[in-house]
There are 2 protein chains.
Amino acid sequence: MEHRIDRIKKQLHAQSYKLTPQREATVRVLLEREEDHLSAEDVYLLVKEKSPEIGLATVYRTLELLSELKIVDKINFGDGVSRYDLRKEGAAHFHHHLVCTECGSVEEIEEDLLEDVEKIVKNDWGFQVKDHRLTFHGICKQCQQETANTTT
Amino acid sequence: MEHRIDRIKKQLHAQSYKLTPQREATVRVLLEREEDHLSAEDVYLLVKEKSPEIGLATVYRTLELLSELKIVDKINFGDGVSRYDLRKEGAAHFHHHLVCTECGSVEEIEEDLLEDVEKIVKNDWGFQVKDHRLTFHGICKQCQQETANTTT
DNA sequence: TATAAAAAGATAATCATTATTTATAATTAA
DNA sequence: TTAATTATAAATAATGATTATCTTTTTATA
């Protein structure tokens, strides 16, 4: 944890930003809840538990900053809310998501499945890919099993 | 054009909805501007040109309805607005997008590049894919050329 | 230390979207 | 055909996420 905070600190410094206490508190929440896909409001409430004096606008500003520096990714699953997702250390690319339309769960795929596709895009469309967003909508393993059970 | 309106009419009827004049006007705008990725507001303004008496809420309702019936796809490129994109006739899947971070242009890829990836998702994650959304962010052909020119 | 710059806090403003309430048109039953 | 029911639309209010503004506090620098 401390190691990752340190790295983020350095990334901020590299762009002459500071890791203020408020920013650190926000980053800590993101690290603790790395598996989740928190909205700004979610982050705000969690940060508030430990640093009650923080303001919502500050959280928004911090998330925006982290997003610009590609430390977090801002994603949108179609409900009206942006969600913020810590990028894995050293990951050049956004990871993929599996959104279950039954139970709403969100799984992550770390490995990059798009290398071949990106080659095609480059060769056939002349488009120079910098980043991608891939989300699958469907039915997760668990929900499939539950449906199978109730049917039997 | 009329043929496609007819098909959409049938799709609505199949779910016991009607193609009211307002809905038809909205669909016509979507057909005319098929290449674009219009926001609800955009659609509203365009429909208003021909049918000035239409209300914004009606456009929203219509787009929502068309979206439920999978006649249009609702997408989000990360600015705060939802955009609505007519699904190609008979297309089971959402098409892909190339968003240029330089000029903001949006290209579409009709062909499905994800068949292999979906197989992997199914086999390795047990996830039953119903639909996907794939967007590449990067630099389009034209912007690459322009950069090359100014550099020389 | 004094001054300038950056960041934060508080809250108002904005803007897309949704909900509500009333009116209108279309369909069905009597 | 008329009355009653239902679907749809119009107008506008309400909501809710996000951003802007303005003031205060903190940090860095001369």
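As the structure is a computational prediction, the values presented were derived from the model and not from experiment.
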Check your understanding: How long is the line joining CG of A:L66 and P of C:dA7, in whole Å?
Key -> 12 Å
Check your understanding: Rounded to the Å, how far apart are B:D42 CG and C:dC15 C1'?
Key -> 14 Å
Review point. Any donor-acceptor pair under 3.5 Å linking the side chain of B:D6 with the backbone of B:H3?
Key: no
Check your understanding: Is A:S82 touching bases, backbone alone, or none of the nucleic acid, heavy atoms closer than 4.0 Å?
Key -> sugar-phosphate
Exercise for review: Select base, sugar-phosphate, or nothing to describe what A:E41 touches, counting heavy atoms under 4.0 Å on all strands.
Suggested key: nothing
Practice item. Would you name the heavy atoms of B:Y44 and B:I54 that are closest together and state the gap between them? Key: CE1-O, 3.7 Å
Exercise for review: Following the transitive rule for hydrophobic clusters with a side-chain heavy-atom cut-off under 4.5 Å over Ile, Leu, Val, Met, Phe, Trp and Tyr, establish whether B:V117 and B:F127 coincide in one cluster.
Suggested key: yes
Check your understanding: Among C:dA19, C:dT11, C:dA8, which is the nearest nucleotide to the side chain of A:A57?
Key -> C:dT11
**Study point:** side-chain contact (heavy atoms from CB on, under 4.5 Å) involving A:R33 - partner list, sequence neighbours excluded
**Key:** A:D36, A:L38, A:L46
Check your understanding: For A:T20 and C:dA8, is the shortest distance between a side-chain N/O and OP1 or OP2 below 4.0 Å?
Key -> yes
Point to revise | Upstream residue (5' side of DNA chain C) when B:R61 and A:Y17 are each assigned their closest nucleotide | key: A:Y17
Point to revise | Length of the line joining A:Q15:CD and C:dA6:C1', which is rounded to integer Å | key: 16 Å
Check your understanding: When the aromatic ring centroids of A:F77 and A:H97 are compared, is their separation below 6.0 Å?
Key -> yes
Study note, to complete from the structure: One should read off an interatomic distance between B:L12 CG and B:L66 CG, to the nearest 0.5 angstrom, of 6.5 Å
**Study point:** Length of the CG-C1' vector between B:L63 and C:dT17, whole Å
**Key:** 12 Å
Review point. Should the pair A:E24-A:K18 be classified as a salt bridge under the 4.0 Å nitrogen-to-oxygen rule?
Key: no
Check your understanding: Roughly, in whole Å, what's the span from NZ in A:K18 to P in C:dA6?
Key -> 8 Å
Point to revise | Positional range of nucleotides in DNA chain D within the contact set of chain B, heavy-atom, under 4.0 Å | key: D:dA7 to D:dT12
Practice item. Using heavy atoms to find the nearest nucleotide of DNA chain C for B:P21 and B:Y84 separately, return the residue whose nucleotide is more 5′. Key: B:Y84
Review point. Taking CZ from A:R23 and P from C:dA6, how many angstroms apart are they, rounded to a whole number?
Key: 11 Å
**Study point:** Nearest-angstrom distance from the residue atom CG of A:N76 to P of C:dA16
**Key:** 15 Å
Practice item. Starting at atom NE2 of B:H13, determine the distance to atom C1' of C:dT27, rounded to an integer number of angstrom. Key: 13 Å
